[in-house]
A.B. asks: 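Just dropping this structure here.
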Amino acid sequence: MIISTATLWLVIAGLAFGSWLLRFSFLGIIGNKDLPEWVKRHLRYTLVAALVTLLVGVWKGNLMLAIAAGGITLYSMLNFGF
Amino acid sequence: MVFGVLAAESGLDIFTAVAFSMAVIAGAAQFTALSLLQDQAPVLIVIIIGLAVNLRMALYSATLATHLGAAPFWTRAFVAYAILDHSFALADQKFQNEPDMSLPRKLAFYFGATSLVAVIWVVGTGFGAWLGARIPDWLALDFAMPIAFIALVAPALRSLPHVVAGFAAATLSLLLASAPYGLGLIIAAVIALVLGAEVERRLGVAS
C-alpha cells in the first residue's frame with residue numbers, strides 16, 4: 001500500500017514534535033531542582049522496569065520469552081547469589 | 001535497518017525513511033506508526049498511538065533530570081532530543097555506579113553514547129531502505145532487537161530491588177499485553193518501578 005505524501009509528513013512532524021516534548025518534559029521542568037529522596041528512589045528502577053517491559057513487548061506470545069526469563073534468572077542468581 | 005526495509009516495503013523513498021528516523025528517532029513508535037498508516041488509520045490516531053508507545057521517554061526524562069538537570073537550557077533540549085532506550089540504559093547505569101562524576105563528564109559520556117546509537121539508527125534506516133526487500137529472511141534481523149535488550153538488561157539487574165522490578169515488569173507486561181494502544185507497556189513499567197523502590201525502602205539498602 002502506498003501512503004500519501006502529505007499524510008506521511010504530517011505523521012512525521014506530529015511524532016517528532018510530540019516525542020521531543022515527552023523527552024524534554026521532566027528535563028525541562030525539573031532542571032536543577034533537587035528532588036525528594038522517595039522520587040529519586042523510584043527513578044533508580046526506571047531502567048529495569050522499562051527495558052524488561054519492552055523486551056516482553058517485542059517477544060510476547062513467543063516461546064523464546066520463557067527461555068529468556070529463565071536465562072535472566074539464572075544469570076542474576078549466579079552473579080548476585082540470592 | 002529493519003525499519004528501513006519496512007519503510008521501503010510501504011512505499012517510502014530513502015529520503016523520507018531517513019527523515020522519519022532523524023526526526024523521531026524512536027524505533028518502536030516508528031514501527032507502530034508505519035503499520036497503522038498501512039492500515040489506513042486516521043492521522044490523529046496514528047500520532048496519538050505512536051506517542052503512547054513513547055510515553056516511557058517521559059520516565060527517562062525524569063530519570064536523566066536527576067543526573068543532568070544542572071545543564072543549561074539548550075543543552076537539556078539536545079539531551080532530550082537524543083534520549084533513546086540504549087543510550088539511556090548505558091548512561092543511567094554509568095551515572096548510578098559513579099555518582100561523583102562531574103557534569104561535563106556526564107554530558108560527554110551521554111552524548112558519546114547517544115550519538116553513536118543515533119547515527120547507527122539513521123544510517124541503518126537508509127541502508128535498509130536502499131536494500132529494501134533484498135534481505136533474505138534467514139538472516140532473521142528481527143531478532144537483533146530482543147538480543148540487544150537482553151544484553152542491556154542483564155547487567156542492570158544488580159541488586160534485589162532491581163531484580164524484583166525486572167520480574168514485576170515481565171509479569172505485568174505479559175498480563176497487560178492485551179491493553180489497547182500499547183498502554184500496557186507504560187502501566188507495567190510504572191508499577192514495576194514503584195515495586196522496586198518499595199523493596200529498596202523495606203530492605204533499607206541503598207543501591
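Here is the naming used below: chain letters follow the sequence lines, and residue numbers restart at 1 for every chain.
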A.B. asks: When rounded to the nearest 0.5 angstrom, what is the spacing between CG in A/Leu21 and CG in B/Asn54?
C.D. replies: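 Those atoms lie 12.0 Å apart.
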
A.B. asks: What are the two closest non-hydrogen atoms of B/Leu51 and A/Gly18, and how far apart are they?
C.D. replies: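 In terms of heavy atoms, the two residues are closest at CD2-C, 3.5 Å.
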
A.B. asks: When A/Val11 is tested against each of B/Leu37, B/Leu44, B/Val24, B/Leu34 for side chain to side chain contact (heavy atoms under 4.5 Å, CB included), which residue passes?
C.D. replies: B/Leu37

A.B. asks: Would you say that B/Phe20 contacts A/Leu15 through its side chain, given a criterion of any heavy-atom pair below 4.5 Å between the two side chains?
C.D. replies: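 Yes. Closest side-chain heavy atoms under 4.5 Å.
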
A.B. asks: Are A/Trp9 and B/Thr16 side-chain neighbours, meaning at least one heavy-atom pair lies under 4.5 Å?
C.D. replies: yes

A.B. asks: According to salt bridge (Lys or Arg N to Asp or Glu O under 4.0 Å), who are the partners of B/Glu198, at least two apart in sequence or on a separate chain?
C.D. replies: B/Arg201, B/Arg202

A.B. asks: For the candidates A/Leu22, A/Leu27, A/Ile12, which exhibits the highest count of non-hydrogen atom pairs separated by less than 4.5 Å from chain B?
C.D. replies: A/Leu27

A.B. asks: Do you know which of B/Leu64, B/Asp92, B/Val194 has the most heavy-atom pairs with chain A at a distance under 4.5 angstrom?
C.D. replies: B/Val194

A.B. asks: With a 4.5 angstrom heavy-atom cut-off, could you sort out which part of B/Leu55 is near chain A: side chain, backbone, both or neither?
C.D. replies: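 Both backbone and side chain.
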
A.B. asks: Checking B/Ile25 against chain A: side chain, backbone, both or neither under 4.5 Å from a heavy atom?
C.D. replies: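 Interface part for B/Ile25: both.
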
A.B. asks: Are there more than 12 heavy atoms of other residues, nucleotides or ligands under 6.0 Å from atom CE of B/Met101?
C.D. replies: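 Yes, CE of B/Met101 has more than 12 neighbouring heavy atoms, counting only those of other groups under 6.0 Å.
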
A.B. asks: A/Phe26 and B/Ala65: which non-hydrogen atoms are nearest, and at how many Å?
C.D. replies: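 Minimum heavy-atom contact is O-CB, 4.0 Å.
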
A.B. asks: Please determine, among B/Gly69, B/Ser61, B/Ala33, the option with the most heavy-atom pairs under 4.5 Å with chain A.
C.D. replies: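 Option with the top pair count is B/Ser61.
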
A.B. asks: For B/Ile83, is there any backbone N or O sitting under 3.5 Å from a side-chain donor or acceptor partner on A/Arg23?
C.D. replies: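 Yes.
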
A.B. asks: Return the option, out of B/Ala62, B/Ala192, B/Ala165, with the maximum number of heavy-atom pairs under 4.5 Å with chain A.
C.D. replies: B/Ala62

A.B. asks: Who are the ring pair (Phe, Tyr, Trp, His ring centres under 6.0 Å) partners of A/Phe24, not counting sequence neighbours?
C.D. replies: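 Per chain and number, A/Phe24 pairs via ring pair (Phe, Tyr, Trp, His ring centres under 6.0 Å) with A/Trp20, B/Phe73.
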
